Amino acid sequence: MSPPALPPLREVIAAHGLSATKALGQNFLLDEQLLGRIAAIPGRLAGQQVLEVGPGPGGLTRALLRAGAQVTAIEMDRRCLPALAELAEAFPGQLRVIEGDALKVDHGIEGPFHVLANLPYNVGTQLFVRWLGGEAWPPAWQSLTLMFQQEVAERIVARPDSSAYGRLAVLAQWRAAPRIAMKVHRSAFTPPPKVMSAIIHVEPGAAPPGVSARRLERLTEAAFGQRRKMLRASLKGLPGALEALDAAGIDPARRAETLTVDDFVTIARLMDTPR
Ligand code: SAM
């Protein structure tokens, strides 16, 4: 069965009066070819559950529906709901829309799911940190495909000894392998944001055994909270950290940004090990 013909997104936006609102961080993607390429990043989605956060007028949503996904979409701007209802009608049984703030509402998806979102950057980062944090691993999600400001995307995939390397890199890399899947020029958005964007794709990997996520978070918070200082100084207030550094054979005169993700994992594990 061929997918239903839909009106161009510009017409949907005009028909429903969906002028982009700055307060909601709205920068819409209207190029359907580009949207199709974004929807293809996680791989084959036919029959798969997808959580889309912030569908807006539904550009990415329609690409996901055309790919055969079962989509749950959370949108907090009520103005977008009629446009999304039209999509739900065009793809019967494939789209469930939840009105609300994705930071607060429960998506209610049972079983594994993929996440795709082009969100305001502050909301995107908060959700990213939430999805990658926590003790339970592997997580319920199978992949995250998220648009970020390019500068944030670079922090997520950063390697040691670079100014972009910090807590976000360790959080994202210690049990997952994030990559920049696509760079998106600012001119692709309506209205164009001030900066360039990039899409991060993450799939969960194996969690190193014997490490608490909470411990690692505390450790990186202390280490990078004062990133110019030597570890000896920045970790002084964290019980067991200097002993763990010593046990790992890491020179306390080093600075946080010189440590690899594995180094942080080793220190966190040693902090959890009774000696
Ligand atoms: N996905 C659409 C696209 O690519 O054209 C819209 C992108 S626009 C950058 C972000 C969308 O997220 C807007 O529709 C906005 O209303 C919605 N949004 C912002 N904060 C949200 C939140 N906390 N929960 C759910 N949706 C949110």
Side-chain angles (χ1 to χ4, degrees), residues 6-42 45 50-67 69 71-88 95-109 113-131 144-153 181-201:
L6 297 168
L9 282 158
R10 281 191 196 281
E11 276 178 29
V12 173
I13 287 173
H16 295 283
L18 301 180
S19 53
T21 305
K22 216 173 174 182
L24 286 169
Q26 290 177 333
N27 303 94
F28 300 137
L29 288 172
L30 307 180
D31 176 342
E32 303 220 16
Q33 245 188 358
L34 172 67
L35 288 159
R37 277 171 39 223
I38 296 173
I41 291 173
L45 289 180
V50 168
L51 171 63
E52 190 197 351
V53 188
L60 182 57
T61 322
R62 52 167 79 180
L64 295 167
L65 293 167
R66 283 182 181 132
V71 181
T72 298
I74 307 178
E75 173 57 61
M76 70 188 290
D77 183 356
R78 305 191 69 134
R79 296 178 311 156
C80 298
L81 301 183
L84 295 169
E86 284 174 9
L87 271 185
L95 174 62
R96 182 166 65 98
V97 179
I98 301 173
E99 182 197 344
D101 181 345
L103 293 168
K104 296 185 186 143
V105 299
D106 181 7
H107 54 69
I109 301 175
F113 57 94
H114 298 271
V115 180
L116 285 96
N118 168 24
L119 272 172
Y121 299 123
N122 56 345
V123 182
T125 312
Q126 280 185 67
L127 286 171
F128 184 76
V129 167
R130 196 185 286 179
W131 283 322
L144 307 177
T145 302
L146 306 173
M147 183 82 75
F148 285 103
Q149 225 167 309
Q150 188 169 321
E151 176 260 321
V152 175
M182 194 188 287
K183 292 193 176 166
V184 185
H185 197 271
R186 47 189 288 280
S187 63
F189 299 87
T190 306
K194 288 205 176 69
V195 295
M196 304 292 262
S197 298
I199 299 176
I200 287 283
H201 180 74

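Numbering of ligands and ligand atoms starts at 1, following listing order. As the structure is a computational prediction, the values presented were derived from the model and not from experiment.
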Visitor: Counting heavy atoms only, which part of Asn118 comes closer than 4.0 Å to ligand 1: side chain, backbone, both or neither?
Guide: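 The answer is both.
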Visitor: Closest non-hydrogen protein atom to atom 13 (C) of ligand 1, residue and atom name please, with distance?
Guide: Gln26 CG, 3.5 Å
Visitor: Is there a side-chain contact between Arg66 and Leu6 in this structure, where contact means two heavy atoms from C-beta onward sitting under 4.5 Å apart?
Guide: yes
Visitor: Is Leu60 close enough to touch ligand 1? Criterion: a residue heavy atom under 4.0 Å from a ligand atom.
Guide: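 Not so, Leu60 does not reach ligand 1.
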Visitor: Hey, which atoms in ligand 1 end up nearer than 4.0 Å to a heavy atom of Gly100?
Guide: 24 (N), 25 (C)
Visitor: Out of Gly54, Pro120, Pro193, who gets a non-hydrogen atom closest to atom 19 (C) of ligand 1?
Guide: Pro120
Visitor: Got Ile109 and Arg96 here, is their nearest side-chain heavy-atom distance under 4.5 Å?
Guide: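 Yes, their side chains come closer than 4.5 Å.
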Visitor: Of all the heavy-atom pairs spanning His107 and Phe113, show the shortest one and how long it is.
Guide: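 Heavy atoms of His107 and Phe113 come nearest at NE2-CZ, 3.5 Å.
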Visitor: What residue among Val50, Leu64, Val71 forms side-chain contact (heavy atoms from CB on, under 4.5 Å) with Leu95?
Guide: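 Result: among Val50, Leu64, Val71, Val71 is the only option passing the side-chain contact (heavy atoms from CB on, under 4.5 Å) with Leu95.
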Visitor: Provide, to 0.1 Å, the distance between atom 9 (C) of ligand 1 and the closest protein heavy atom, together with that atom's residue and name.
Guide: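 Closest protein heavy atom to atom 9 (C) of ligand 1: Gly25 O, 3.2 Å.
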Visitor: Counting from 1, what ligand 1 atoms have a heavy atom of Met76 closer than 4.0 Å?
Guide: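 Those qualifying, in numeric order: 20 (N), 21 (C), 22 (C), 23 (N), 24 (N), 25 (C), 26 (N), 27 (C).
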Visitor: Kindly indicate whether the side chain of Gln26, heavy atoms from C-beta on, has any atom under 4.5 Å from the side chain of Leu18.
Guide: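 When only atoms from C-beta onward are counted, Leu18 and Gln26 do not touch, as no gap falls below 4.5 Å.
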Visitor: Looking at Ile74, which atoms of ligand 1 are within less than 4.0 Å of one of its heavy atoms?
Guide: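 So the atoms of ligand 1 that pass are 25 (C), 26 (N).
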Visitor: Any heavy-atom pair between the side chains of Ile199 and Thr145 that's under 4.5 Å?
Guide: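 Side chain of Thr145 against side chain of Ile199, heavy atoms only: contact under 4.5 Å found.
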Visitor: Identify the closest protein heavy atom to atom 14 (O) of ligand 1: which residue and atom is it, and at what distance?
Guide: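 Minimum-distance protein heavy atom for atom 14 (O) of ligand 1 reads Glu75 OE1, 2.8 Å.
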Visitor: List every atom of ligand 1 that sits less than 4.0 Å from any heavy atom of Asp77, numbering the atoms from 1 in the order shown and giving each element.
Guide: 16 (O)
Visitor: Which distance, rounded to the nearest 0.5 Å, do you find between the SG of Cys80 and the CD1 of Ile13?
Guide: 8.5 Å
Visitor: Indicate, as side chain, backbone, both or neither, the part of Pro55 found under 4.0 angstrom from ligand 1 when only non-hydrogen atoms are considered.
Guide: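 Under 4.0 Å from ligand 1, Pro55 contributes backbone atoms alone.
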Visitor: From Phe189 CZ over to Asn118 CG, what is the distance, rounded to the nearest 0.5 angstrom?
Guide: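 So the gap between those two atoms works out to 5.0 Å.
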Visitor: Under 4.0 Å from any heavy atom of Ala102, which atoms of ligand 1 are there?
Guide: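 That gives atoms 22 (C), 23 (N), 24 (N), 25 (C) of ligand 1.
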Visitor: Which of the atoms in ligand 1, numbered in the order shown and given with their element, are less than 4.0 Å from a heavy-atom of Asn27?
Guide: 7 (C), 8 (S), 9 (C)
Visitor: Looking only at protein heavy atoms, which one is nearest to atom 5 (O) of ligand 1, and how far off is it?
Guide: Leu29 N, 2.8 Å
Visitor: With a cut-off of 4.0 Å, which atoms of ligand 1 are near a heavy atom of Asp101?
Guide: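 Near Asp101, meaning under 4.0 Å from one of its heavy atoms, ligand 1 has 22 (C), 23 (N), 24 (N).
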Visitor: Does the side chain of Leu9 reach to within under 4.5 Å of the side chain of Arg62, using non-hydrogen atoms?
Guide: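 Heavy-atom side-chain distance check passes, below 4.5 Å.
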Visitor: Enumerate the atoms of ligand 1 whose separation from the nearest heavy atom of Gly56 is less than 4.0 angstrom.
Guide: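 Near Gly56, meaning under 4.0 Å from one of its heavy atoms, ligand 1 has 14 (O).
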Visitor: So with a 6.0 Å cut-off around CZ of Arg10, is the heavy-atom count from everything else above 12?
Guide: no
